[in-house]
Amino acid sequence: MAYNHQEIEKKWQERWERGGVFHAPDFGDKPKFYCLIEFPYPSGAGLHIGHPRSYTALDVVSRKRRHQGYNVLYPIGWDAFGLPTENYAIKTGRKPQDITRENTDTFRRQLKSLGLSFDWSREVNTTDPEYYKWTQWMFLEFFKAGLAYKTKQPINWCLSCKIGLANEEVVNGKCERCGGDTQKRDKEQWMIAITKYADRLLEDLDTVDYMEKIKVQQRNWIGKSEGAEIDFQVPPLPEGGLGGVGGRPQSGVVTVFTTRPDTIFGATFLVVSPEVAQKWIDVGWNASEQVREYVAVSLKREEIDRTAEGKEKTGVDTGVVAINPANGKEIPVWVADYVLGGYGTGSIMAVPAHDERDFEFAKKFELAVVTVIQPEPLQVMIHQDIGISNAMQSDVRIVSDCFVGDGLMVNSGEFNGMKSEEAKWEIVEKVGARRSVKYKLRDWVFSRQRYWGEPIPLVWCDNCPPVIASEAKQSSDEMIASSPSAPRNDERKKGSWIPVPVEQLPVVLPDVDKYEPTDTGESPLAAITDWVNTTCPTCGGPAKRETDTMPNWAGSSWYFLRYVDAHNNQAFASTEALKYWMPVDLYNGGMEHTTLHLLYSRFWHKFLFDRGHVFEPEPYKRRHSHGLILAQDGTKMSKSKGNVVNPDEIVRDYGADSLRMYILFMGPFEEPVPWSLNGLIGVRRFLDKVERYVQRWVDRQESDKSEEYDGLVEPYLYKVSNDIESFKFNTAVSSFMSLFKELTAEVVDRNEPSNFIERYVSQVTLKKILTVLGPFAPHLANECWEKIGENGIVEEQAWPEFDASLLVQDEVEMGVQVNGKARATIRLSPMADEATAKKLATADAKVQKHLEGKEIVKIIYVPGRILNIVVK
RNA sequence: GCCGCGGUGGCGGAAUUGGUAGACGCGCAGGACUCAAAAUCCUGUAUGGGCAACCAUGUGAGGGUUCGAUUCCCUCCCGCGGCACCA
């Protein structure tokens, strides 16, 4: 290896630090650019090789922007609350605070060794009481706004983490973190009403520049459906009637939600979820033994079983008969677990002719199927005309004999012949239904019964009245009504939750002896009685602290706001700093955070916006995501497989510049790419080549250097510059390699320097090259900068302007085709006219050979691109 | 099942308002330098045929549009990611 990377990397890192080169001053004349990476969770394993992928890419952008004259904020911090640390604390008996300090020290050292241009003066740590003071303050803002409420409801409980999970954290019934089984448990939980923001979270996606894929995922997750709630009359039952269905305590009514009111004439039965049936039983419905058993069994089963059984549907006839409000017909009411208790009203009208699930159910239990929508004849005809035999399946979507598309109404009384889309809302009116919008998004389960999180800053006082008039929750989440046991706040004994006053924040995590969570689901904090027992800030009487802590996502929902004013102790950030730096101009992170962190933080930010604490409706202007770095064999890196690459070793053996540039070079930024040590070594060879070239350049006399190569260099640098903007870092690096291939073509005898046929560019051009190389290999670029006798550092240089006249070459090589096949190349000006091109082409022996004895019928000429001679 | 993305040499991957397919890197082969090795440099490297110039084929499969298709259209196969009985 030609240069001593250990020496020069240390040297330049120290210079940068001494000079405060990457410190972002608040305010100033320059335009600002806020570049953000997802701050890491400092795990005990140290930095993963995947981390630098994101950090290096945005480091390149940040550095380029500084060259371009922007005041760039590129900050870093630690998302340090979390289970792995806590579990390690349990195992070793050590304090999580101490473990976190050690881990962040390691991460800091590792990140600094990569030469990333972070502004370290703004480092934040979510576990620092000075930080979580504001997380707690924000929670109280939610509380005061009525968006944080405590309720008992079934939540996802991870059996191995012993922790309640948000819906977003459960993947196929398994814990997102540990992969262990989850089960439903009824627990008192703090919730945050994110559903109130569902519409805005959805609509405002149109105002931001995210990768389309990310937007799609967010839209799916929010899952907005527009439809109607329709009441079906059922005879009031002697035992007490059907109450509380769909949140409306209206006797003798079953309310369903549907997005297809136009199919109501085809509704041949109703299906209620086991949850709803249970509710009926609770209010005194004398259900049959069979129904009771079915409901009991269904509710006991985990959700995963309910779906894992696949398509085979089960259900029982309740014996209840409902009236279809469209046609007055009597239809049976069934209970079946394919209807979910937690969505819509927990009950549906089944239209087997136009819904696959209902169709399947009807088939199995031999229930009536009535067709009320027909594909429009025109569509069918078109497909017949062009002879596509299976046209119906592909275009008009007739699936397994049931048609789910829009079409013309039949068997629908006065609506016959109408287009279904048009009849939809007229029918809603006719049957006295209500338009209704539903979301898949649920409120955010915000409590964790663990130690290592922000304490929720509330105390329970038995004597005080609630400070919040209404704990406003019902409207946000009507679906809760269909869950079996959602107690109302007023059912509780007197007393209420009192916020800890701002001047008493932060509520600091007390020391405990044992960090273990309990099987009963109580936080270890509950055992610290002298912490739990406190005085009520309102009345001064005895009170008890909330012992739940906040989820990991809390601190990470607003950390980008803290960076803009990281040491402020009057507010989470000053208005001036927020107005200057926000929004984030470019945000990069993992694909895995698109439905969790990204949604939560957008919501959190919108809430702060509504409260007047921040001044932008969306926190991130542009969002990118990077792909995983896989192990050499294409599988995921994991400790257990022993295929993990240690960044420290790479930096030690090959240097940070090699690692940075290789990570950018290895493949398209958004895609997963396998690691290759040989690939890394190849990049190191390139950097050595650059260093040797510069050394020889220095050794040569001025007369050997020429401006004639300036035009050669320009297009390569121009491409690099553009590729940075479009996140095509891999081709940017390729472009550098091609450039140096051009510059360093050598003849064989290395001992005879005069034999090098090398292109020594002018000093001005070499400086340009080093400036553009700077963001990729900043240490080497600076070392070379110094070597060529320049003062200062690369970081101070302006980004080169590209001379358009140099980008257009006088002569290009252009392909000549005969009948579309490449036969020769000619050199000519891209401005040349067709006659010139034709003359040159037909002069070529190879072209002549293919023209021989043929007649030219046509010539296609695209200047600079192609000349195609068509012959017969 | 639905939605999204993708399928190009031995490998990672370039190239799409349609215009010389395989840039750049890795690997491999041969050569130079060396007592030798390492390092470095040079040459070659899609496939088949030929000593060669060259010819033919070739971007998952099959069809189509076009002077010309990796790129556009249709049908199908495979892989990855997300959602998954959301009415």
Side-chain angles (χ1 to χ4, degrees), chain A residues 1-2 171-172 212-213 216-217 219-221 223-225 227 256-260 263 271 306-307 309-311 313 336-340 342-345 347-351 354-358 360-361 386 388 390 394 399-400 438-441 479 591-592 594-595 627 634 662 665-668 670-683 685-686 688-689 692 728 730-731 733-739 741 744-751 756 813-826 846 849 857-862 864-871:
Chain A
M1 279 181 260
V171 179
N172 287 334
E212 196 50 36
K213 193 175 175 179
V216 169
Q217 274 193 42
R219 285 193 194 106
N220 286 345
W221 193 264
K224 182 176 182 171
S225 293
V256 305
F257 173 72
T258 179
T259 55
R260 293 294 303 272
T263 63
V271 187
R306 262 167 85 161
T307 53
E309 280 172 25
K311 299 287 169 199
K313 292 197 165 37
D337 67 6
Y338 82 92
V339 173
L340 305 176
Y343 183 79
T345 60
S347 310
I348 62 153
M349 63 176 205
V351 186
H354 305 291
D355 180 283
E356 289 182 60
R357 297 152 301 186
D358 299 342
E360 205 181 310
F361 193 79
I386 56 173
I388 298 175
N390 55 359
S394 60
V399 185
S400 51
K438 300 288 177 193
Y439 301 91
K440 289 189 209 175
L441 186 70
M479 59 193 79
M591 212 59 219
E592 70 276 20
T594 41
T595 46
Y662 171 61
F665 178 61
M666 62 201 302
E670 322 74 51
E671 244 133 272
V673 214
W675 173 262
S676 156
L677 184 60
N678 277 328
L680 177 107
I681 292 170
V683 169
R685 280 205 276 261
F686 162 72
D688 283 335
K689 192 177 193 168
R692 277 196 306 267
K728 289 161 79 179
N730 54 332
T731 52
V733 176
S734 298
S735 184
F736 266 122
M737 290 172 167
S738 304
L739 169 62
K741 236 178 153 168
T744 64
E746 298 174 27
V747 294
V748 193
D749 187 357
R750 294 188 49 76
N751 295 326
F756 284 108
E813 195 167 79
M814 196 185 78
V816 178
Q817 299 179 333
V818 178
N819 282 351
K821 293 203 184 211
R823 294 302 179 187
T825 59
I826 54 176
K846 282 175 252 171
K849 195 175 139 198
V857 293
K858 195 174 179 185
I859 288 187
I860 287 102
Y861 176 55
V862 184
R865 298 287 189 131
I866 201 79
L867 180 79
N868 189 11
I869 304 173
V870 186
V871 296

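Every chain is numbered from 1, with letters handed out A, B, ... down the list of sequences. All values derive from a computational prediction rather than experimental measurement.
Distance Ile826(A) CD1 to U20(B) C1': 11 Å, rounded to the nearest Å.
Ion pairing between a basic and an acidic side chain is recognised when a charged N comes within 4.0 Å of a carboxylate O; Arg219(A) and Glu212(A) show such pairing.
Base contact: Gln817(A) has a heavy atom under 4.0 Å from a base atom. Among the heavy atoms of the strands lying under 4.0 Å from Asn730(A) are primed sugar atoms or P, OP1, OP2 only; no base atom is included. The residue Gly223(A) sits apart from the nucleic acid: no heavy atom pair falls under 4.0 Å. Base engagement by Glu813(A) is indicated by at least one non-hydrogen atom pair under 4.0 Å involving a base atom. Using a 4.0 Å heavy-atom cutoff across all strands shown, Ser676(A) reaches no nucleic acid atom at all. Base engagement by Val862(A) is indicated by at least one non-hydrogen atom pair under 4.0 Å involving a base atom. At the heavy-atom level, Met814(A) lies under 4.0 Å from base atoms of the strands shown.
Put simply, the side chain of Lys313(A) and the base of C85(B) share a donor and an acceptor less than 3.5 Å apart. Checked by distance alone, Asn868(A) brings a side-chain donor or acceptor within 3.5 Å of a matching partner on the base of C67(B).
A donor-acceptor contact under 3.5 angstrom links the side chains of Gln217(A) and Thr594(A), judged on distance only.
Between Gln217(A) and Ile866(A), the residue anchored closer to the 5' end of RNA chain B is Ile866(A), taking for each the nucleotide with the nearest heavy atom.
When both distances must be under 3.5 Å, the Watson-Crick or G-U wobble mate of G9(B) does not exist. Applying the Watson-Crick and G-U wobble criteria (two distances, each under 3.5 Å), C41(B) pairs with G31(B). Under the Watson-Crick and G-U wobble criteria, each requiring two contacts below 3.5 Å, nucleotide A53(B) is left unpaired. Shown here, G58(B) forms no base pair; nothing in the strands shown gives a Watson-Crick or G-U wobble contact with both key distances under 3.5 Å.
At the phosphate of U16(B), neither OP1 nor OP2 sits under 4.0 Å from any side-chain N or O atom of Arg865(A). Contact check, Lys821(A) against C67(B): no side-chain N or O comes under 4.0 Å of OP1 or OP2. Close to A87(B), at under 4.0 Å from its OP1 or OP2, lies a side-chain N or O of Tyr343(A). Within the structure, a side-chain polar atom (N or O) of Arg685(A) is placed less than 4.0 Å from OP1 or OP2 of C26(B).
Of the possible donor and acceptor atoms, none in the side chain of Tyr338(A) sits under 3.5 Å from a partner among the backbone N and O of Phe361(A). Judged purely by atom type and a 3.5 angstrom limit, Asn868(A) has no side-chain atom pairing as donor or acceptor with the backbone of Ile860(A).
Across C54(B), G19(B), G12(B), the shortest atom-to-atom separation from the side chain of Lys849(A) is found for C54(B). When distances run from any side-chain atom of Arg823(A) to the nucleotides G19(B), C41(B), C55(B), the shortest one goes to C55(B). Comparing atom distances between the Ser738(A) side chain and each of C24(B), U20(B), G13(B) picks out C24(B) as nearest.
The heavy-atom pair separating Val271(A) from Ala350(A) by the smallest distance is CG2-CB, 4.2 Å.
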